[in-house]
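Before any comments, here is the structure.
Every value quoted in this text rests on a predicted model; they were computed, and no experiment measured them.
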Amino acid sequence: MAGRVIAQGYRVVDDERHAKSLEWMTERCDELIVETREMFVDILNPFAKMKLIDALQRLGVSYHFKEEIDNSLESLVSVKFANDDFHAISLQFRLLRQQRRYMPCDAFKEFTDKQGNLNGTLCSDTRALLALYEAAHLGTPNEEILREAEVETTNQLKRIVDCIEKPLSNKVRHALETPSFRRMKRLEARLYIPLYEEDKEECNEMILELAKLDFYLLQRLHREEIKEVCEWYHGLESPRELFYARHRPAEAYFWALGVYYEPEYAKPRKLLAKFIATITPYDDTFDNYGLWEELQPFADVMQRWDEKGAEQLGRCYKDYAQFMFGTMNEIEGALPKGTPRKNVNVIKDIITEVCKGYVTEIDWRDSKYIPPLKEHLQITLVTCFYWAINCTAFVVFQEGVTEEFETERNIVATAVTCYMKEYDSTKEEAIKALWNDVINLARMMETMYKKIDGYTDSAILKEWISLLLSVSIMNNGVSKLASDDHMKHVGPTGDDRQEANAAAAVPFDALTIAAVLLGA
(Lines give C-alpha, C1' and ligand atoms only; values in the text may rest on other atoms or scores of the structure.)
Protein backbone atom coordinates (compact mmCIF):
# COMPACT_ATOMS: atom_id res chain seq x y z
CA MET A 1 0.00 0.00 0.00
CA ALA A 2 1.36 3.42 -0.91
CA GLY A 3 2.08 5.78 1.92
CA ARG A 4 4.13 8.68 3.08
CA VAL A 5 7.66 7.84 4.24
CA ILE A 6 8.48 9.52 7.54
CA ALA A 7 11.63 7.79 8.76
CA GLN A 8 13.80 4.75 8.25
CA GLY A 9 11.48 2.10 6.91
CA TYR A 10 8.34 3.58 8.48
CA ARG A 11 5.38 4.52 6.33
CA VAL A 12 2.15 6.34 7.15
CA VAL A 13 -0.84 5.26 5.06
CA ASP A 14 -3.13 8.07 6.17
CA ASP A 15 -3.02 11.13 8.41
CA GLU A 16 -5.57 9.76 10.86
CA ARG A 17 -3.08 7.12 11.88
CA HIS A 18 -0.15 9.54 11.85
CA ALA A 19 -0.46 10.42 15.53
CA LYS A 20 -0.27 6.77 16.53
CA SER A 21 2.73 6.32 14.27
CA LEU A 22 4.45 9.24 15.96
CA GLU A 23 3.72 7.75 19.35
CA TRP A 24 5.22 4.46 18.25
CA MET A 25 8.27 6.23 16.82
CA THR A 26 8.80 8.08 20.08
CA GLU A 27 8.61 4.84 22.02
CA ARG A 28 10.99 3.16 19.58
CA CYS A 29 13.41 6.06 19.93
CA ASP A 30 13.33 5.68 23.71
CA GLU A 31 14.04 1.96 23.36
CA LEU A 32 17.04 2.64 21.17
CA ILE A 33 18.36 5.19 23.66
CA VAL A 34 18.25 2.55 26.39
CA GLU A 35 19.98 0.00 24.17
CA THR A 36 22.67 2.52 23.24
CA ARG A 37 23.31 3.28 26.91
CA GLU A 38 23.93 -0.42 27.42
CA MET A 39 26.59 -0.26 24.69
CA PHE A 40 28.65 2.08 26.88
CA VAL A 41 28.79 -0.71 29.46
CA ASP A 42 29.33 -3.54 26.99
CA ILE A 43 32.11 -1.90 24.96
CA LEU A 44 35.40 -2.25 26.82
CA ASN A 45 37.83 -1.48 24.02
CA PRO A 46 38.80 2.23 24.29
CA PHE A 47 39.10 2.73 20.54
CA ALA A 48 35.68 1.17 19.91
CA LYS A 49 34.15 3.34 22.61
CA MET A 50 35.71 6.46 21.08
CA LYS A 51 34.23 5.59 17.71
CA LEU A 52 30.82 5.18 19.36
CA ILE A 53 31.12 8.60 21.00
CA ASP A 54 32.24 10.20 17.74
CA ALA A 55 29.32 8.70 15.85
CA LEU A 56 26.77 9.83 18.45
CA GLN A 57 28.14 13.36 18.44
CA ARG A 58 28.28 13.74 14.68
CA LEU A 59 24.86 12.14 14.18
CA GLY A 60 23.30 14.68 16.53
CA VAL A 61 22.10 12.33 19.28
CA SER A 62 24.85 12.77 21.87
CA TYR A 63 22.58 15.00 23.99
CA HIS A 64 20.81 11.83 25.10
CA PHE A 65 24.06 10.44 26.53
CA LYS A 66 25.78 13.37 28.23
CA GLU A 67 26.61 11.49 31.43
CA GLU A 68 27.84 8.37 29.64
CA ILE A 69 30.01 10.40 27.27
CA ASP A 70 31.44 12.57 30.06
CA ASN A 71 32.34 9.50 32.14
CA SER A 72 33.88 7.74 29.14
CA LEU A 73 35.97 10.75 28.16
CA GLU A 74 37.14 11.18 31.72
CA SER A 75 38.48 7.63 31.70
CA LEU A 76 40.03 8.16 28.25
CA VAL A 77 42.27 10.93 29.57
CA SER A 78 44.61 8.38 31.10
CA VAL A 79 44.53 5.87 28.21
CA LYS A 80 47.82 5.52 26.34
CA PHE A 81 47.82 4.10 22.84
CA ALA A 82 50.82 2.73 20.98
CA ASN A 83 52.91 5.41 19.29
CA ASP A 84 52.04 4.05 15.86
CA ASP A 85 48.29 3.82 16.54
CA PHE A 86 47.76 7.00 14.54
CA HIS A 87 44.00 6.74 14.17
CA ALA A 88 43.32 6.12 17.87
CA ILE A 89 45.64 8.90 19.07
CA SER A 90 44.14 11.41 16.67
CA LEU A 91 40.56 10.53 17.59
CA GLN A 92 41.39 10.60 21.31
CA PHE A 93 42.95 14.06 20.94
CA ARG A 94 39.97 15.49 19.06
CA LEU A 95 37.31 14.02 21.35
CA LEU A 96 39.06 15.27 24.47
CA ARG A 97 39.91 18.72 23.19
CA GLN A 98 36.51 19.45 21.72
CA GLN A 99 35.04 18.69 25.16
CA ARG A 100 37.59 21.07 26.74
CA ARG A 101 39.74 18.32 28.25
CA TYR A 102 43.45 18.89 27.81
CA MET A 103 45.64 16.45 25.95
CA PRO A 104 49.18 17.49 25.02
CA CYS A 105 50.21 17.33 21.39
CA ASP A 106 53.49 15.53 22.15
CA ALA A 107 52.08 12.25 20.89
CA PHE A 108 52.01 13.65 17.35
CA LYS A 109 55.81 13.82 17.24
CA GLU A 110 55.80 10.16 16.29
CA PHE A 111 53.63 10.93 13.27
CA THR A 112 56.55 12.36 11.28
CA ASP A 113 59.94 11.07 10.19
CA LYS A 114 63.32 12.70 10.79
CA GLN A 115 62.80 15.01 7.82
CA GLY A 116 59.50 16.25 9.22
CA ASN A 117 57.37 14.45 6.65
CA LEU A 118 54.27 12.50 7.57
CA ASN A 119 54.93 8.86 8.40
CA GLY A 120 54.54 6.61 5.36
CA THR A 121 52.33 4.16 7.23
CA LEU A 122 50.06 7.03 8.23
CA CYS A 123 49.80 8.30 4.65
CA SER A 124 48.73 4.84 3.47
CA ASP A 125 45.91 4.69 6.03
CA THR A 126 43.25 7.12 4.80
CA ARG A 127 41.05 6.83 7.89
CA ALA A 128 44.01 7.60 10.17
CA LEU A 129 45.05 10.49 7.92
CA LEU A 130 41.51 11.86 8.03
CA ALA A 131 41.45 11.53 11.83
CA LEU A 132 44.70 13.50 12.10
CA TYR A 133 43.32 16.18 9.76
CA GLU A 134 40.27 16.60 12.02
CA ALA A 135 42.39 16.62 15.17
CA ALA A 136 44.84 19.18 13.82
CA HIS A 137 42.07 21.79 13.67
CA LEU A 138 41.85 21.78 17.46
CA GLY A 139 45.42 22.94 17.96
CA THR A 140 46.30 26.22 19.65
CA PRO A 141 48.26 28.97 17.84
CA ASN A 142 51.53 28.03 19.53
CA GLU A 143 51.30 24.31 18.70
CA GLU A 144 53.41 24.36 15.58
CA ILE A 145 53.29 20.60 15.11
CA LEU A 146 49.51 20.73 14.69
CA ARG A 147 49.64 23.68 12.31
CA GLU A 148 52.06 21.71 10.15
CA ALA A 149 49.88 18.60 10.44
CA GLU A 150 46.87 20.61 9.26
CA VAL A 151 48.71 21.74 6.16
CA GLU A 152 50.25 18.34 5.41
CA THR A 153 47.07 16.33 5.90
CA THR A 154 45.05 18.80 3.84
CA ASN A 155 47.49 18.55 0.95
CA GLN A 156 47.74 14.78 1.18
CA LEU A 157 43.96 14.25 1.33
CA LYS A 158 43.44 16.55 -1.65
CA ARG A 159 46.01 14.56 -3.61
CA ILE A 160 44.41 11.19 -2.96
CA VAL A 161 40.70 11.96 -2.71
CA ASP A 162 39.99 11.20 -6.36
CA CYS A 163 41.76 7.85 -6.01
CA ILE A 164 39.79 6.68 -2.98
CA GLU A 165 36.73 4.55 -3.47
CA LYS A 166 33.35 5.51 -2.11
CA PRO A 167 32.08 5.82 0.57
CA LEU A 168 35.34 6.90 2.18
CA SER A 169 36.02 9.47 -0.53
CA ASN A 170 32.71 11.15 0.30
CA LYS A 171 33.77 11.49 3.92
CA VAL A 172 37.11 12.99 2.88
CA ARG A 173 35.43 15.57 0.64
CA HIS A 174 33.01 16.45 3.42
CA ALA A 175 35.87 16.99 5.85
CA LEU A 176 37.96 19.01 3.40
CA GLU A 177 35.05 21.37 2.86
CA THR A 178 34.79 22.10 6.60
CA PRO A 179 36.26 20.14 9.56
CA SER A 180 33.60 18.59 11.78
CA PHE A 181 34.44 20.71 14.84
CA ARG A 182 33.66 23.92 12.94
CA ARG A 183 30.32 22.78 11.56
CA MET A 184 26.88 23.79 12.79
CA LYS A 185 25.88 20.76 14.84
CA ARG A 186 22.39 20.31 13.43
CA LEU A 187 23.51 20.69 9.83
CA GLU A 188 26.43 18.35 10.44
CA ALA A 189 24.01 15.69 11.72
CA ARG A 190 21.82 16.04 8.63
CA LEU A 191 24.78 15.83 6.25
CA TYR A 192 26.62 13.10 8.16
CA ILE A 193 23.71 10.63 8.51
CA PRO A 194 23.86 9.53 4.83
CA LEU A 195 27.67 9.44 4.95
CA TYR A 196 27.50 7.21 8.01
CA GLU A 197 24.81 5.01 6.45
CA GLU A 198 26.79 4.27 3.28
CA ASP A 199 30.01 3.47 5.18
CA LYS A 200 29.26 -0.15 5.98
CA GLU A 201 32.63 -0.62 7.65
CA GLU A 202 31.74 1.91 10.35
CA CYS A 203 27.93 1.97 10.40
CA ASN A 204 26.02 0.54 13.36
CA GLU A 205 22.44 -0.08 12.23
CA MET A 206 20.96 0.55 15.67
CA ILE A 207 22.72 3.91 16.00
CA LEU A 208 21.65 4.80 12.47
CA GLU A 209 18.02 4.03 13.24
CA LEU A 210 18.19 6.14 16.40
CA ALA A 211 19.76 9.02 14.48
CA LYS A 212 17.06 9.01 11.81
CA LEU A 213 14.17 8.70 14.23
CA ASP A 214 15.55 11.38 16.52
CA PHE A 215 16.23 13.73 13.62
CA TYR A 216 12.70 13.32 12.30
CA LEU A 217 11.07 13.88 15.69
CA LEU A 218 13.17 16.98 16.32
CA GLN A 219 12.50 18.16 12.78
CA ARG A 220 8.77 18.22 13.54
CA LEU A 221 9.40 20.30 16.66
CA HIS A 222 11.64 22.71 14.75
CA ARG A 223 8.99 23.11 12.04
CA GLU A 224 6.44 24.14 14.62
CA GLU A 225 8.91 26.66 16.03
CA ILE A 226 9.78 28.26 12.69
CA LYS A 227 6.06 28.50 11.96
CA GLU A 228 5.59 30.36 15.23
CA VAL A 229 8.52 32.70 14.56
CA CYS A 230 7.30 33.46 11.00
CA GLU A 231 3.75 34.08 12.22
CA TRP A 232 5.06 36.40 14.92
CA TYR A 233 7.27 38.37 12.53
CA HIS A 234 4.82 38.75 9.69
CA GLY A 235 1.92 39.32 12.04
CA LEU A 236 3.48 42.51 13.39
CA GLU A 237 2.55 45.79 11.77
CA SER A 238 5.92 47.52 12.20
CA PRO A 239 8.06 45.31 9.92
CA ARG A 240 5.54 45.74 7.11
CA GLU A 241 6.55 49.38 6.78
CA LEU A 242 10.27 48.63 6.45
CA PHE A 243 10.19 48.21 2.68
CA TYR A 244 13.97 48.69 2.37
CA ALA A 245 14.99 46.07 4.92
CA ARG A 246 16.02 42.42 4.78
CA HIS A 247 13.21 40.36 6.28
CA ARG A 248 14.87 37.23 7.60
CA PRO A 249 12.74 35.33 10.16
CA ALA A 250 13.58 31.93 8.66
CA GLU A 251 17.30 32.67 8.52
CA ALA A 252 17.15 34.07 12.07
CA TYR A 253 15.60 30.84 13.29
CA PHE A 254 18.27 28.86 11.44
CA TRP A 255 20.90 30.91 13.30
CA ALA A 256 19.25 30.22 16.66
CA LEU A 257 18.95 26.54 15.78
CA GLY A 258 22.71 26.46 15.42
CA VAL A 259 23.19 27.73 18.97
CA TYR A 260 20.94 25.17 20.64
CA TYR A 261 18.86 22.56 18.82
CA GLU A 262 17.93 20.27 21.72
CA PRO A 263 14.20 20.03 22.55
CA GLU A 264 14.54 21.42 26.07
CA TYR A 265 15.77 24.74 24.65
CA ALA A 266 12.67 25.51 22.57
CA LYS A 267 11.84 28.69 24.46
CA PRO A 268 15.30 30.33 24.36
CA ARG A 269 15.70 29.22 20.73
CA LYS A 270 12.55 31.08 19.68
CA LEU A 271 13.45 34.16 21.71
CA LEU A 272 16.92 34.29 20.17
CA ALA A 273 15.44 33.88 16.68
CA LYS A 274 13.08 36.79 17.31
CA PHE A 275 15.96 38.93 18.53
CA ILE A 276 18.09 38.19 15.45
CA ALA A 277 15.15 38.84 13.12
CA THR A 278 14.58 42.17 14.88
CA ILE A 279 18.14 43.51 14.73
CA THR A 280 18.53 42.83 11.00
CA PRO A 281 16.54 45.90 9.82
CA TYR A 282 18.50 48.09 12.27
CA ASP A 283 21.58 47.93 10.06
CA ASP A 284 19.44 48.41 6.94
CA THR A 285 17.82 51.53 8.39
CA PHE A 286 21.22 53.19 8.68
CA ASP A 287 22.80 51.76 5.52
CA ASN A 288 19.97 51.60 3.02
CA TYR A 289 17.37 54.14 4.06
CA GLY A 290 18.38 56.87 6.47
CA LEU A 291 19.51 60.40 5.75
CA TRP A 292 21.86 62.03 8.23
CA GLU A 293 19.41 64.71 9.35
CA GLU A 294 16.78 61.99 9.97
CA LEU A 295 19.14 59.49 11.54
CA GLN A 296 20.28 61.88 14.27
CA PRO A 297 16.91 62.08 16.09
CA PHE A 298 16.35 58.38 15.42
CA ALA A 299 19.71 57.47 16.96
CA ASP A 300 18.98 59.73 19.93
CA VAL A 301 15.67 57.97 20.64
CA MET A 302 17.21 54.52 20.21
CA GLN A 303 20.15 55.25 22.51
CA ARG A 304 17.81 56.56 25.22
CA TRP A 305 15.35 53.67 24.69
CA ASP A 306 12.66 56.33 24.65
CA GLU A 307 9.39 54.62 23.68
CA LYS A 308 7.39 57.86 23.97
CA GLY A 309 9.96 59.78 21.97
CA ALA A 310 9.63 57.21 19.17
CA GLU A 311 6.11 58.48 18.52
CA GLN A 312 7.59 61.75 17.21
CA LEU A 313 9.82 60.07 14.62
CA GLY A 314 9.02 59.92 10.94
CA ARG A 315 7.77 56.95 8.94
CA CYS A 316 9.97 53.85 9.10
CA TYR A 317 12.07 55.26 11.96
CA LYS A 318 9.05 55.13 14.24
CA ASP A 319 8.11 51.69 12.93
CA TYR A 320 11.54 50.23 13.53
CA ALA A 321 11.84 51.77 17.00
CA GLN A 322 8.51 50.24 17.98
CA PHE A 323 9.64 46.92 16.54
CA MET A 324 12.86 46.89 18.58
CA PHE A 325 11.24 48.13 21.78
CA GLY A 326 8.46 45.56 21.42
CA THR A 327 10.86 42.65 20.95
CA MET A 328 12.95 43.62 23.97
CA ASN A 329 9.80 43.96 26.07
CA GLU A 330 8.74 40.51 24.90
CA ILE A 331 12.09 38.99 25.84
CA GLU A 332 11.95 40.62 29.25
CA GLY A 333 8.38 39.42 29.75
CA ALA A 334 9.28 35.86 28.76
CA LEU A 335 11.89 35.52 31.51
CA PRO A 336 10.72 34.00 34.80
CA LYS A 337 9.13 36.28 37.36
CA GLY A 338 11.70 37.77 39.68
CA THR A 339 14.37 37.99 37.03
CA PRO A 340 15.90 41.46 37.43
CA ARG A 341 15.59 43.98 34.59
CA LYS A 342 19.34 44.45 34.55
CA ASN A 343 19.79 41.15 32.71
CA VAL A 344 17.85 42.58 29.77
CA ASN A 345 19.38 46.01 30.29
CA VAL A 346 22.83 44.65 29.54
CA ILE A 347 21.56 43.64 26.09
CA LYS A 348 20.10 47.11 25.66
CA ASP A 349 23.44 48.65 26.66
CA ILE A 350 25.23 46.66 23.96
CA ILE A 351 22.60 47.64 21.37
CA THR A 352 23.14 51.27 22.40
CA GLU A 353 26.83 50.86 21.62
CA VAL A 354 25.86 49.36 18.26
CA CYS A 355 23.79 52.46 17.50
CA LYS A 356 26.71 54.71 18.41
CA GLY A 357 28.87 52.66 16.07
CA TYR A 358 26.34 53.06 13.26
CA VAL A 359 26.48 56.83 13.70
CA THR A 360 30.26 56.69 13.43
CA GLU A 361 30.05 54.59 10.26
CA ILE A 362 27.57 57.05 8.70
CA ASP A 363 29.98 59.87 9.50
CA TRP A 364 32.79 57.92 7.83
CA ARG A 365 30.61 57.29 4.79
CA ASP A 366 29.46 60.86 4.33
CA SER A 367 32.92 62.33 4.86
CA LYS A 368 34.52 59.65 2.63
CA TYR A 369 36.87 58.78 5.49
CA ILE A 370 38.73 55.46 5.29
CA PRO A 371 39.91 54.63 8.82
CA PRO A 372 42.98 52.59 9.74
CA LEU A 373 42.18 48.91 10.21
CA LYS A 374 42.47 49.05 14.01
CA GLU A 375 40.03 51.95 14.21
CA HIS A 376 37.71 50.23 11.76
CA LEU A 377 37.65 47.01 13.79
CA GLN A 378 36.97 48.86 17.04
CA ILE A 379 33.66 49.96 15.56
CA THR A 380 32.68 47.10 13.26
CA LEU A 381 33.29 44.41 15.88
CA VAL A 382 30.45 46.10 17.76
CA THR A 383 28.15 46.95 14.86
CA CYS A 384 28.26 43.39 13.50
CA PHE A 385 25.93 42.61 16.45
CA TYR A 386 27.83 39.42 17.29
CA TRP A 387 28.40 40.47 20.88
CA ALA A 388 24.74 41.42 21.30
CA ILE A 389 23.63 38.05 19.89
CA ASN A 390 26.08 36.28 22.19
CA CYS A 391 24.82 38.12 25.24
CA THR A 392 21.17 37.52 24.32
CA ALA A 393 21.88 33.82 23.88
CA PHE A 394 23.29 33.75 27.41
CA VAL A 395 20.35 35.62 28.93
CA VAL A 396 17.55 33.63 27.29
CA PHE A 397 19.43 30.37 27.78
CA GLN A 398 19.88 30.92 31.48
CA GLU A 399 16.42 32.46 31.90
CA GLY A 400 16.71 32.87 35.65
CA VAL A 401 20.04 34.58 36.03
CA THR A 402 20.12 36.78 39.11
CA GLU A 403 23.26 38.87 38.74
CA GLU A 404 24.29 41.56 36.31
CA PHE A 405 26.77 41.07 33.53
CA GLU A 406 29.17 43.75 34.68
CA THR A 407 31.91 44.57 32.21
CA GLU A 408 33.21 43.03 29.03
CA ARG A 409 36.27 41.88 30.90
CA ASN A 410 34.26 40.10 33.60
CA ILE A 411 31.21 39.01 31.64
CA VAL A 412 32.13 35.33 31.33
CA ALA A 413 33.06 34.99 34.99
CA THR A 414 29.82 36.66 36.09
CA ALA A 415 27.76 34.51 33.74
CA VAL A 416 29.40 31.44 35.24
CA THR A 417 28.41 32.58 38.73
CA CYS A 418 24.83 33.15 37.60
CA TYR A 419 24.62 29.73 36.00
CA MET A 420 26.04 28.02 39.10
CA LYS A 421 23.45 29.66 41.34
CA GLU A 422 20.48 29.09 39.07
CA TYR A 423 21.19 25.46 38.20
CA ASP A 424 23.02 24.42 41.39
CA SER A 425 25.98 23.32 39.31
CA THR A 426 29.71 23.24 39.79
CA LYS A 427 31.95 25.85 38.23
CA GLU A 428 33.20 23.30 35.69
CA GLU A 429 29.64 22.39 34.64
CA ALA A 430 28.70 26.07 34.27
CA ILE A 431 31.76 26.90 32.17
CA LYS A 432 31.07 23.93 29.93
CA ALA A 433 27.43 24.90 29.36
CA LEU A 434 28.23 28.53 28.58
CA TRP A 435 31.28 27.63 26.52
CA ASN A 436 29.07 25.52 24.27
CA ASP A 437 27.01 28.64 23.50
CA VAL A 438 30.13 30.56 22.53
CA ILE A 439 31.45 27.74 20.33
CA ASN A 440 28.09 27.19 18.66
CA LEU A 441 27.82 30.90 17.83
CA ALA A 442 31.30 30.77 16.32
CA ARG A 443 30.21 27.75 14.27
CA MET A 444 27.27 29.73 12.95
CA MET A 445 29.59 32.53 11.84
CA GLU A 446 31.58 29.91 9.91
CA THR A 447 28.37 28.55 8.41
CA MET A 448 26.92 31.94 7.50
CA TYR A 449 29.98 33.73 6.20
CA LYS A 450 32.60 31.21 5.10
CA LYS A 451 32.08 31.73 1.36
CA ILE A 452 29.76 34.73 1.08
CA ASP A 453 27.53 36.84 3.30
CA GLY A 454 24.99 34.05 3.46
CA TYR A 455 22.63 36.03 5.64
CA THR A 456 22.22 38.65 2.89
CA ASP A 457 22.69 36.50 -0.22
CA SER A 458 20.90 33.53 1.24
CA ALA A 459 20.74 31.02 -1.60
CA ILE A 460 22.99 28.59 0.31
CA LEU A 461 20.95 29.10 3.48
CA LYS A 462 17.80 28.28 1.55
CA GLU A 463 19.32 24.91 0.68
CA TRP A 464 20.37 24.22 4.26
CA ILE A 465 17.09 25.38 5.80
CA SER A 466 15.31 23.08 3.39
CA LEU A 467 17.56 20.19 4.43
CA LEU A 468 16.89 20.74 8.11
CA LEU A 469 13.19 21.51 7.97
CA SER A 470 11.75 20.22 4.71
CA VAL A 471 13.68 17.34 3.16
CA SER A 472 12.96 13.89 4.55
CA ILE A 473 15.81 12.06 6.23
CA MET A 474 14.63 8.91 4.47
CA ASN A 475 16.23 7.72 1.19
CA ASN A 476 19.41 9.72 1.85
CA GLY A 477 17.45 12.94 1.62
CA VAL A 478 16.00 12.61 -1.87
CA SER A 479 12.34 12.54 -0.89
CA LYS A 480 10.72 15.70 0.36
CA LEU A 481 8.08 16.47 2.90
CA ALA A 482 7.21 19.68 1.07
CA SER A 483 7.98 21.31 -2.25
CA ASP A 484 10.63 23.94 -2.85
CA ASP A 485 7.97 26.58 -3.52
CA HIS A 486 7.53 27.28 0.14
CA MET A 487 11.19 28.33 0.40
CA LYS A 488 10.66 31.43 -1.74
CA HIS A 489 10.22 33.77 1.23
CA VAL A 490 13.69 32.89 2.53
CA GLY A 491 15.85 35.94 1.92
CA PRO A 492 16.76 36.78 -1.67
CA THR A 493 20.06 36.30 -3.42
CA GLY A 494 21.98 39.29 -4.70
CA ASP A 495 20.13 39.38 -8.05
CA ASP A 496 16.76 39.25 -6.32
CA ARG A 497 17.33 41.84 -3.63
CA GLN A 498 16.06 44.95 -5.41
CA GLU A 499 12.87 43.20 -6.46
CA ALA A 500 12.43 41.83 -2.96
CA ASN A 501 12.87 45.23 -1.34
CA ALA A 502 10.15 46.64 -3.57
CA ALA A 503 7.90 43.67 -2.96
CA ALA A 504 8.30 44.08 0.78
CA ALA A 505 6.16 47.21 0.58
CA VAL A 506 3.11 45.08 -0.24
CA PRO A 507 1.52 42.49 2.09
CA PHE A 508 3.85 39.59 2.86
CA ASP A 509 3.56 36.20 1.30
CA ALA A 510 5.07 35.16 4.57
CA LEU A 511 3.60 32.09 6.12
CA THR A 512 3.77 29.77 3.15
CA ILE A 513 6.94 28.00 4.24
CA ALA A 514 5.86 27.52 7.81
CA ALA A 515 2.35 26.40 6.97
CA VAL A 516 3.50 23.87 4.40
CA LEU A 517 6.26 22.58 6.65
CA LEU A 518 3.99 22.07 9.62
CA GLY A 519 1.35 20.39 7.56
CA ALA A 520 3.80 18.10 5.79
Side-chain angles (χ1 to χ4, degrees), residues 238-239 242 244-246 248 252 255 272 274-329 331-332 341-395 404-412 414-415 441 445 449 453 455-456:
S238 296
L242 308 178
Y244 54 86
R246 294 165 295 170
R248 297 290 191 270
W255 201 319
L272 182 59
K274 290 179 179 182
F275 177 77
I276 296 171
T278 300
I279 63 178
T280 303
Y282 205 177
D283 179 62
D284 298 333
T285 300
F286 278 89
D287 282 354
N288 301 335
Y289 180 73
L291 301 175
W292 177 244
E293 59 270 19
E294 298 171 345
L295 287 170
Q296 284 181 310
F298 172 66
D300 181 61
V301 166
M302 297 303 293
Q303 290 176 35
R304 290 187 286 108
W305 291 88
D306 184 358
E307 294 190 34
K308 291 184 178 180
E311 296 292 335
Q312 308 304 315
L313 296 173
R315 179 174 178 261
C316 294
Y317 300 110
K318 172 184 175 181
D319 293 301
Y320 181 74
Q322 291 176 335
F323 185 26
M324 172 63 83
F325 296 157
T327 298
M328 293 308 300
N329 289 339
I331 290 175
E332 184 173 1
R341 287 179 57 89
K342 53 191 175 183
N343 295 318
V344 175
N345 285 346
V346 70
I347 304 174
K348 292 181 177 179
D349 289 342
I350 297 173
I351 296 174
T352 297
E353 293 303 311
V354 171
C355 185
K356 293 177 181 178
Y358 284 154
V359 172
T360 300
E361 290 178 345
I362 293 297
D363 183 53
W364 289 349
R365 181 195 68 188
D366 292 349
S367 63
K368 302 187 185 310
Y369 173 66
I370 301 177
L373 179 60
K374 183 177 181 181
E375 183 181 357
H376 179 272
L377 291 176
Q378 286 176 338
I379 299 298
T380 54
L381 288 177
V382 175
T383 58
C384 73
F385 255 112
Y386 180 77
W387 186 235
I389 294 173
N390 207 330
C391 182
T392 303
F394 278 177
V395 170
E404 182 180 7
F405 295 113
E406 295 174 345
T407 65
E408 180 172 343
R409 181 176 60 86
N410 293 322
I411 191 166
V412 174
T414 310
L441 281 163
M445 298 300 282
Y449 300 110
D453 179 355
Y455 195 70
T456 298

Heavy-atom closest pair (F275 atom, A388 atom, distance to 0.1 Å) is CE2-O, 3.9 Å
Between E307 and Q322, does any side-chain donor sit less than 3.5 Å from a side-chain acceptor? no
Within-4.5 Å side-chain heavy-atom neighbours: Y282 and M302: yes
Which atom pair, heavy atoms only, marks the closest approach of L313 to A321? CD1-CB, 4.4 Å
At their closest point, which heavy atom of Y244 faces which heavy atom of T285, and how far apart are they? OH-OG1, 2.8 Å
Output all residues satisfying side chain to side chain contact (heavy atoms under 4.5 Å, CB included) with Q312, sequence neighbours left out; order by chain, then residue number. none
Please assess I331 against K274 for the test side chain to side chain contact (heavy atoms under 4.5 Å, CB included), listing each intermediate value before the final yes or no. CA-CA 9 Å; I331 290 175; K274 290 179 179 182; over 6 Å; no
Looking at T278 and M324, what are the two nearest heavy atoms and their distance? CG2-CA, 3.8 Å
Heavy-atom check, side chain of F385 versus side chain of T280, under 4.5 Å: no
Do T380 and E361 have side chains that approach each other closer than 4.5 Å (heavy atoms only, starting at C-beta)? yes
Apply the test side chain to side chain contact (heavy atoms under 4.5 Å, CB included) to residues I389 and I279: give CA-CA distance (whole Å), side-chain angles for both, the deciding distance (0.1 Å), then the verdict. CA-CA 9 Å; I389 294 173; I279 63 178; 3.8 Å; yes
Is there a side-chain contact between F286 and R365 in this structure, where contact means two heavy atoms from C-beta onward sitting under 4.5 Å apart? no
Which pairs pass salt bridge (Lys or Arg N to Asp or Glu O under 4.0 Å) with one or both residues in residues 282-296, sequence neighbours excluded? R246-D283, R246-D284
Nearest atoms (heavy-atom pairs only) where I347 meets T392: CG2-OG1, 3.4 Å
Find the distance between OG1 (T327) and CD (E332) and round it off to the nearest 0.5 Å. 13.0 Å
Residues P281 and L242: closest non-hydrogen pair is CB-CD1, 3.8 Å
Please determine which of W292, Y317, Y358 meets the ring pair (Phe, Tyr, Trp, His ring centres under 6.0 Å) test together with F298. Y317
Within the structure provided, determine whether D349 and E353 are in side-chain contact (heavy-atom separation under 4.5 Å). no
Atom CG of L291 with >12 non-hydrogen neighbours under 6.0 angstrom: yes
Kindly indicate whether the side chain of I379, heavy atoms from C-beta on, has any atom under 4.5 Å from the side chain of H376. no
Just verifying a value: how many Å separate E311 CD and D306 CG, rounded to the nearest 0.5 Å? 10.0 Å
Main chain of Q296, side chain of D300: is a donor-acceptor contact present, judged purely on distance under 3.5 Å? no
With side chain to side chain contact (heavy atoms under 4.5 Å, CB included) as the test, would you mind laying out the steps for W305 and N345 before giving the verdict? CA-CA 10 Å; W305 291 88; N345 285 346; over 6 Å; no
Check whether any side-chain heavy atom of L295 lies under 4.5 Å from a side-chain heavy atom of V359, and answer yes or no. no
